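As the structure lists them, so they are numbered: ligands from 1, and atoms in each ligand from 1. Since the structure is predicted, the reported quantities are computational estimates derived from the model, not experimental observations.
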Amino acid sequence: MELILRDCRLPSGEAVDIGLDQGIICALAPQLVASAHQELNLGGKLVSAPFVESHIHLDSALTAGQPRWNQSGTLFEGIEIWRDRKQSLTLDDVKERAIATLKLQAQQGVLFVRSHADVSEPNLVALQALLEVRDAVRDWITVQVVAFPQDGLYGSPGNLELMEKALNLGADAVGGIPHYEMTREDGVQSVHHIFELAQRYDRLIDIHCDEIDDDQSRFLEVVAANAVRSGLGARVTASHTTAFASYNNAYAFKLMGLLGRSNINFIANPLINITLQGRTDTYPKRRGVTRVKELWQQGLNVSLGHDCVQDPWYSLGDGSMLGVAAMAIHVCQMTGQDEIAACYDMITANGAKTLALGDAYGLEVGKPANLIVLDATSPYDALRRTATVTHVFSRGKLLVETRPAAVRWA
Ligand code: FE2
């Protein structure tokens, strides 16, 4: 075989050697008796399946401050700034920023990404650019593109047509933003329409759902009911669902039963939710992150995303999924050992489930040789210290290597 990684520590704690050949994980066993062209002794470091970024906007990434900074820190000022910035989008502008962001992520262990692409502009530049990027990078990172109607499916007369055009061009998933439509009825109708499109075009669904503190924003139940009735279930994702944190418990408990039946996926974006939500509160100030712990306790699939990396909604962000998970641990109060382990799952296996990656993902014999090495001994250790991802192997080849910072006392 081409390469053997010796003395690897899996997230489960098991110590193994891992053999890679022709882009496939061909062996995984304690003290593997075999030889290879190259061997690398990892000295008990954590080896994991790659991180999965399940929610990002690559089209707006790295535009913070253009043409102005978001001073209020609200979602709605962000949408206004983006409306101005996107007038000057070009294919090259989007592609350069998207690839720079993907590299930033990949060097920190992300090899699977779901990006939304704004399809509210007549020329569909953002979508076309991200589809080109998806194809250009497929040898080292997997990108899915969601057709996302940022200004609402019914925000302008041509938006429905643009959505269909985006699906015809090859978007992987249908997106939506029901809480931002002009009326509640439009929001409900948009969800029905999204399901109809997903079935007609055979695509996944990922809806920005109830990203607001309004306890009356209740499109999640519409999404879940459609998932039950259509049978699309696990092909459906509700992103954000921040209003779920503001629902009264009587309603939330009833809703949880429906969600259990629906089998849909959830994505929380803790960095963004904690900063954008709660902006109209004085004190007590809501955290604005969906009920991550309770959804996980119900056995529902929850993954985590960045949402933004230096864009009109969030001028910070560095592409580290460990940073995203660390924020979830704090904001969602998931500090128990099994809860911390669950947060690691939310940036790895759960994200893979959300993206419907199937056999394309996982640290198992026979699967594509995508794996990362961390300067840590366990997921807990990695999250506690935001450990450096020292090696990223993609499709069986070393893609990028990073040396951990060295400290020397004088
Ligand atoms: Fe988003």
Sum of protein N, O or S atoms, each under 2.8 Å from the Fe ion (ligand 1): 4

Say whether, by atom type as modelled, one donor and one acceptor occur between the side chain of Arg279 and the main chain of Thr74 under 3.5 angstrom. no

Asn168 side chain near Tyr201 side chain, heavy-atom distance below 4.5 Å: yes

Do any N or O atoms from the side chain of Tyr361 and from the backbone of Pro50 form a donor-acceptor pair under 3.5 angstrom? yes

Do Glu132 and Lys95 meet the salt-bridge criterion of a basic N to acidic O distance under 4.0 Å? yes

Which atom of Asn123 lies closest to which atom of Gln128, heavy atoms considered: O-NE2, 3.5 Å

Establish, from distance only, whether the side-chain atoms of Thr354 and Ser303 form a donor-acceptor pair under 3.5 Å. yes

